[in-house]
Amino acid sequence: MGDILVWAIWILAAGACLGSGIAVVSFGNPFFSALALIGNLASLAVLFLLASAEFLAAAQVLVYAGAVMVMFLFVIAYLGGRADTPFEGGPTWVSAGAVVAATALLVEIVVVIGLKAGDALSQEADIERSFGSPAEIGRLFLTDHLLAFEITSIVLLVAAIGGVILGTKTRDEDELDRLGESA
Amino acid sequence: MTTALIALPLLGALLVWVLPFSGRISGILATFVALAEVALWAVIVARFDFGQNLQLEDRQSWFADLGVSYHVGFFGFSLWLAGLAVVVCAATIAYATWADRERARAYHGLLLFLTGSIVGVFAAQDLLVFYVFFEAMLIPLYVLIGVWGGERRALATLKFVIYTMAGSLLMLASIVAFGLSQGSFDLVDSGFSDNNWIFLGFLAAFAVKAPLFPFHGWLIDAYREAPSEVSAILSGVVSKAAVYGLFRITIAKFPEPVEDFQTPILILATIGLVYASLLAFRARDLRSVTAYSSMAQMGLIVLGLFSLNELGVNGAILQSVAHGLVSATLFLLAGMLETRTGTSTFARLGGMARGRPALATVLLVVGVIALAVPGSVAFAGEFLILAGIYDEGWWWAAIGAGAIVLAAMYILRLISAVLHRARGESVREEAHDLHWQELAIVVPLVAGLLFLSAWPASISERNFPTRNSEAGP
Amino acid sequence: MIDTPTVDWLALSPTLALLGAAGVALLAAVIGPEWFRRAFAGFVAFAGFVTAGVLAGVLLERSPGSERLLNESMTRDRWGALAAIVIAGAGALSVLVSWGEKRRDHSGEYYALLAAAGGGMVFFVGASNLMTLFLGLEWFSIALYIMCALDTHRATSLEAGLKYLIVGSFGSGILLFGSALVYGATGELGFASIAAAGANEDYLLLAGLAMIIAGLGFKVSAAPFHMWTPDVYQGAPTSVTAFMSAATKVAALVLAMRILTVAFPEQEHLWTVAIAVIAIVSLAVGNIAALVQRDLKRLLAYSSVSHAGFMLIAVAANSDLGGKALLYYLIPYSAMSVGSFAVVAARERELGVPVTLDNFGGFLWERPFLGASMWVFLLGFMGMPLTGGLIGKFYVFSAAYRAGWWWLVLAGVIATAISLYYYLRVALAMWTRPEPRLQPAIAGGSPPRDPLLVSAVFLSLVVTVGSFFFVGPLIDLAENAAASLPF
Amino acid sequence: MRGPDVSWYLIVSAILFSIGVLGVILRRSPLIVLLSLEIMLNAANLALISFARLHGDHDGQIFALAVMAVAASEVVVGLGLIVAVARRKLVLDVDRFRVLRG
Amino acid sequence: MTQGAWLCLLAPLGGAWAITVMGDSISRRTAAWISTISVFTAFAGALVSFVALLRKGAEERETMTTAWTWLSTGSFDVGLSLLIDPLSVTMMLIVSGVGGLIVLYSVGYMEGDPEERRYFAYMSFFVFSMLLLVQAGNFLILLVGWGLVGLASYLLIGFWHNRPEAVAAAKKAFIMNAFGDATMALAFFVLIWQTGTLEFAPAFAGAADLSSTALNLVALGLLGGAVAKSAQIPLHTWLPDAMEGPTPVSALIHAATMVTAGVYLIVRAHPIFELAPSIQDLAAGLGAITLLVAGFVALVQTDIKRVIAYSTMSQIGYMFLAVGLGAYSNGMFHLMTHAFFKALLFMAAGLVIHHLAGEQDIRKMGGVRRIMPRTYIAFLIGSLALVGIPPLSGFFSKDSILAAALASGGYGQVLFAFGLVGALLTGLYTFRLFFIVFRGEPSPLVEEHAHGHHGEGPWTMTVPVAVLTLLAVIGGWIQIAGLWHYFGDWLHDVAEPLVEPTVTQDYIASALAVGLGLAGMAIAWIFYAAPRRRPLPRLAAARDILEHKFYFDELYDAVFYKPAVWISAQGKRFVEDPLIGGSITGVTSGARRAGGALGEAQTGYLRTYALAIAGAVAVLIVVFVAVQ
């Protein structure tokens, strides 16, 4: 019974996840795409939860769907969410190629998984209750993966600097604007 | 000693580049360095024991893991080739000074650099060192043609670079293969190889450099567009690097492939000889004739080398020296003519013998030696070559002898077109004979040729110490 | 209570030095007075790179063996240390090149980012698990994305940044997915553990390996993952291009060799061939596409693609000779790369427009030193003597030949022959006798004097030529370094 | 309580990844391209987490967490760049960025 | 003795060298005298050698002297060595003696030419080369001399280099001789590989062991050289053209000395020829054919020097005939007397030409006897000697050849018949020339020049002519059939004759030859000098053939020159330009096109870049999985 429930939730979440993913790439308006991505992230969080990653599920919702996507929406709003016609423009072979390549990748990965599925993939490890709990994650972050943790912060710092630099207007740009106006 | 002979011009080049002298002064400085180089070479010759093989060795490990070392030294025959190089380079540097090229410091420095690297090629006893000098020799040539060349210098340089480098790179691949399979890149330590592909890689480089038919696509443009003194070095000396390589590497290290490929190589050399002679016979200007004749001569020299007997090889070395001096002098003379007439096209020349006895005499003497009139050093060389190749089949010698008749045809045509008949439209009425400074440059070369004509044995019996008929050091 | 792990500070010190420099520079850029920012930040970044180089040298001296730290987060060995020295050197030279860049804002931040990117690379070359690999990669990549787009007033700079960012993230996405698959196949992240896990026949592992090769190939700018390279190199500020072309390649190649040899020894028969094929494609594409370029930076970008091909030959050899060849090759290559872009930067600054073969004309005669140096760099790219380029190619070919891959040697030879054409076109343009009529006007009247740039070029020249004469010592270093990898 | 085994997760992950790839290659709005990139990273995360579950090993989860941070970083820089582009009054269409080519 | 030989050899070289180096610093006259003195010094040296040789016994008359090793490689070496034996001394005396007289003649002849210095340098150089040829102690040095005389000949034929005909003639002479040089060189290669040496005696000794093929090859190669140098058919066409040179040059090189070198060579190398009898017969046959052909062609020539040139060819044909039959001393004898009378004829003709301001066309001449009586006498004596009228020198030498032919069996008798016809022709063409030029009333041209000069020439010109006239008269007396044969004895040990005609054969030959020579003269008289001249027979076809010199020039043009030019042009058009020159441009443009295509692929759309990556990854995975 529990299994069926889990299955049901899983199918729902997976469906939502895929559906919203497709939505992200097919909406004309970035604003809607972003919203769809939030849905996508949320449904992913459910899947995470089902895969015993509680902390990550939480982080996904808080950090990702919360903070990052808010920023996204903010920028889209700032720029004015101009819609474009999806899947058009550029050389036509790009679209065809994209479909072929993406399908190929998909098929390959699925085949690879299928080849493996018989033996290894169903032999899930027995796990403790605390698997995926914040405490475990936190402990590892401060021991085994200390370096990764620190570097993650550095990456974020660098990105933050970048955001600032790129986001602010420089005097060179001002001059260019003035030239543009006078011309 | 050997290192000093290599390093002296290189240091001289640095000096010329760095010291902020005017063009003329830097030219004089370069000339002095070049003359000092000749003197140093003479000292080496005096000290050299022609009864021995490799001498005056310098050896220092360069990178040990692959067995590469800086190893230089001289054999009898390579010492002659080096002598040819230093003498011709000294003459060309002196001529460049006299001709007062623009951007003289760069120019003279490059010529000195070229001198040093050519000497290095003739001294190299390690494959990678050989390659280094072989390529280092090309670098200044690229610049000299590319910057100071004539109208179509860009095309000429591109052709020259791509051809020669394509050959050289195949050689690099061969060097890698040879050295790794032998465990040493040293020419003295390594053994023989019977790998045809490696052999062909080396052959490619030398066939382009010589050039052998049909790898001469670069030749005509380069010789025609380069400044005359650069063409002099190119045809006189640089092509001899191929001779050294063919002999010291391909013949000495690949006994079996040489046997296998002897006939095809001889065929190519013969075709080149006849083909170039025919083209020289119809070429329209002085430089083209000299260029094609140079190619024909290289065909002959290769014929001698690949006769694989003592006569042929000795003849090839002798002929290399002879041809080096001859074609260098011819190109220098072409330069001198061009400064007077602004052209080297036969149709616009003619009648220059009148009122220019020195020019006429020098051109005539050199031309006559070039066509290998019996008694000249070129004759001695060709005689030995053909005598050597005769052993491989009379037909080679017969075709070679026939090509010498063709040589007579095109050289006489050249002489007549420049000196004889009515005055050409580009030839000025007032006769400017050779200036004494020009004579001072050309006459020593001619004197060298006459000396060698009187005594070709001075070279031919000092190439190899042993008297056995087995070619190869 | 959590047991705090022992941290090997010396192993981290080069990274930390650069991070510290980045932090200090950033502070200065934010709070210092305006006149002070650029000078101070530049100096700090330079000092950071030099310190990092010195510390890496110490590390090199003191790391006889190969030591895995922090649960395989990183490895302390000579392989990484030597690469770190090269990166630090390239970074220091790039600082010198950057100095003359006329940028009114963000000049302090620029140096901070440069130091940060350098720190990322220095860290990256020591990474030894998939996570640190990915993080290190993103670290310096993000810094580079920003730096590429730094000239926001220039549309091409923005374009370069955007292209780099999107295509780069796409590449790292693939790398990440590949990492995930490898992790799935083995349950391990550490390189050595992956090999030890013994999932040799596992298709997941193979798919993951393919994706990791693609991701690293992207950073190496090997074809067909190279397509961003010309656009980004051309559009980015030239000093950034200089840094990227040298340091990124070092980092990516060194790490590629590390992960392939350490983590995938059992799949050798697959990845060596794959890398070899990629190398050949890179050689072909890079060289042939460069033939028709007129923009100098773009031309050099394609040339860097082809050199990636050369160095991948060394990787494909999968031998100590190959490792040695790779490390040796990187030294003169970095110098030549930085040096040549520095010369381009000098020309660009005096003209105020992108440098093409046309407006490069007569450069040798106007700026003899820079022109002659450029000629030397070009010779180095061609693999001519008196530059380390020749010895590098020699070693690469030797490695390939010893691995039994004579056809790689042949491919390298043919590629080099093709490359002559475009290198020589640059040289010919440079040699052109100046004709006043065709001469572009120099922006601002006279050529700006830029002693720092000149000294950077000079140092590059010294390395390029010196690496030819002192092959022995350098090869010894490289040999020791290569000994840290399990061939 | 056993749900679908890991291969199902992986298939979802693979599909999601392909969707992301499609999005990056097909869409012209840089914003949506950025979103597609996020999808790719999340697909990878899903794979990582399911493998972590498979192996009973936390490394995958931690990796995924780090990836989230990295993804956020990329978004920050990407958005900064897009803002800068917009400020220069350039059209927000990746196909319009082809001054550099050839 | 050796000192004499070296002096003989080097004196002219020194003269040439001095004139060249001193250049403008000496006057033109001084140069002329330096040259003259140097050649006479050589004559003195030759005399010294001659006397020294005479003092020795007949068997000891052979001395080698080597200055230094000229060319050597390990096992093979060749010295710069001279061989002094009766044969070479004979040639030395002829060359330096006649040469000295001709150079002296040139002093007057060339006076006023702006490039006199060059002329005399060349002349001295020629004498040096010729002496080197005849003194050479081995085949290679002989070839050196051989080539150098060719060079000197080239230089002197083309001396007036502003005349295109002269330049062309010079080139033609040189190239045909180069061909001969080449065949000789080939012969030497055989010798080197088969006998290991190029020294005369060892090579002859070694030749005895050779296969007949090899011997035939060697002999054929040598014959090729001889034929080219001596202007025998088929390599004869250069000689008439060589008359473009100054007349003394024709006298020296193209009559007295160089062109007879072929005869010398055959005598010198007779052991080889004797081992290859078919080739030796070929030499005799070629000589016979040449003497007829040249005699016929001489009949229609209108240039005074060309007539004499054809006559030279014809006379050398006699010599070839002789040495080809093994009558070496007879050939050499005729060589010597021919040197005297032919030089005399040329120099006398030179006096006429000089007097007539360079005019050489006999149709514009006539009655020269009136204004140049002494020249007339000299020319008459020369002509009679040439025809072989006793007791002039030509009689003895030519008749000894015919006698030898008569004594040489069936083949010899056929050639004998040729020789007799030749004798008739000789009388005819010689006196045709003589009558046209000297007899009759002075032509307008001659009238015009009748009073221009004092005397018939300066003493420098007339004295040599006088001396040669004397020699042409008495030169033959040293060997009179049936009485004495000093000349034959002198050369006997060097070249033992294969035939010894009996006295009877000698007399038969003499009678027939003299009779036919007189008949020829009579015919000439009938057509050209009789008071009532007979009109010339109209044999248009024959005339055409003769005026085109049997079409040899046209043939060579069509067979050698035109094909060479054609091949060269085609080679340039179809190989050099498109294949050799075009290959590299083709490759680069192809590569550039490929580069352009790659540039197209680099669309600038960043989406395509991502696509490339994705596609490559997909391929890579497939490959990996499939291979595994």
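These numbers come from the heavy atoms of this one structure, side chains and all, not from hydrogens, waters or symmetry mates. For clarity, every value in this text was computed on a predicted model and none was experimentally measured.
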Indicate yes or no: at least one non-hydrogen side-chain atom of Leu105(A) is less than 4.5 angstrom from one of Met211(C).
yes
With a 4.5 angstrom heavy-atom cut-off, could you sort out which part of Phe177(C) is near chain A: side chain, backbone, both or neither?
side chain
With a 4.5 angstrom heavy-atom cut-off, could you sort out which part of Leu157(A) is near chain C: side chain, backbone, both or neither?
neither
Segment of Ile165(A) engaging chain C (4.5 angstrom heavy-atom cut-off)
both
For Asp144(A) and Ser73(C), the nearest pair of non-hydrogen atoms, with its separation, is O-OG, 3.5 Å
Selection from Val155(A), Ile161(A), Ile151(A) maximising heavy-atom pairs under 4.5 Å formed with chain C:
Ile151(A)
One should read off an interatomic distance between Leu135(C) CG and Ile154(A) CD1, to the nearest 0.5 angstrom, of 10.0 Å
With rounding to the nearest 0.5 angstrom, report the CD1 to CG distance, Ile146(C) to Leu166(A).
6.0 Å
If you compare all heavy atoms of Val112(A) against all heavy atoms of Ala207(C), which two are closest, and at what distance to 0.1 Å?
CG2-CB, 4.2 Å
What distance do Leu69(C) atom CG and Leu146(A) atom CG have between them, rounded to the nearest 0.5 Å?
11.5 Å
For the interface with chain A, which of His106(C), Glu138(C), Glu109(C), Met147(C) has the highest count of heavy-atom pairs at distances below 4.5 Å?
His106(C)
As a quick check of understanding, evaluate side-chain contact (heavy atoms from CB on, under 4.5 Å) for Leu140(A) and Asn71(C), giving each step before the final call.
CA-CA 10 Å; Leu140(A) 284 171; Asn71(C) 189 29; over 6 Å; no
So what's closer than 4.5 Å to chain A heavy atoms on Leu158(C): side chain, backbone, both or neither?
neither
Over all atoms of both residues, closest heavy-atom pair of Arg103(C) and Asp172(A)
CA-OD2, 4.2 Å
Spacing of CH2 belonging to Trp139(C) relative to CG belonging to Leu156(A), to within rounding of 0.5 Å
12.5 Å
Work out which heavy atom in Val158(A) is nearest to a heavy atom in Ala116(C); give both atom names and the distance.
CG2-CB, 4.2 Å
Under 4.5 Å heavy-atom distance to chain A, tell me which part of Phe123(C) shows up: side chain, backbone, both or neither.
side chain
Quick one: closest heavy-atom pair of Leu115(A) and Tyr203(C), and the distance?
CD1-CD1, 3.6 Å
One option among Val7(C), Thr132(C), Leu26(C) has the most heavy-atom pairs under 4.5 Å with chain A, and it is Leu26(C)
What is the distance from atom CG of Leu16(C) to atom CD of Glu150(A), rounded to the nearest 0.5 Å?
10.0 Å
For Leu12(C), which atoms come within 4.5 Å of any heavy atom of chain A: side chain, backbone, both, or neither?
side chain
By residue number, those in residues 148-155 of chain C with heavy atoms under 4.5 Å from heavy atoms of chain A are Ala149(C), Leu150(C), Thr152(C), His153(C)
Specify the closest pair of heavy atoms between Leu147(A) and Met74(C), including all atoms of both residues, with the distance to one decimal.
CD2-SD, 3.5 Å
Counting only heavy atoms not in Phe141(A), do more than 12 sit closer than 6.0 Å to its CZ atom?
yes
In the structure I gave you, are the side-chain heavy atoms of Asp105(C) and Glu173(A) within less than 4.5 Å of one another anywhere?
no
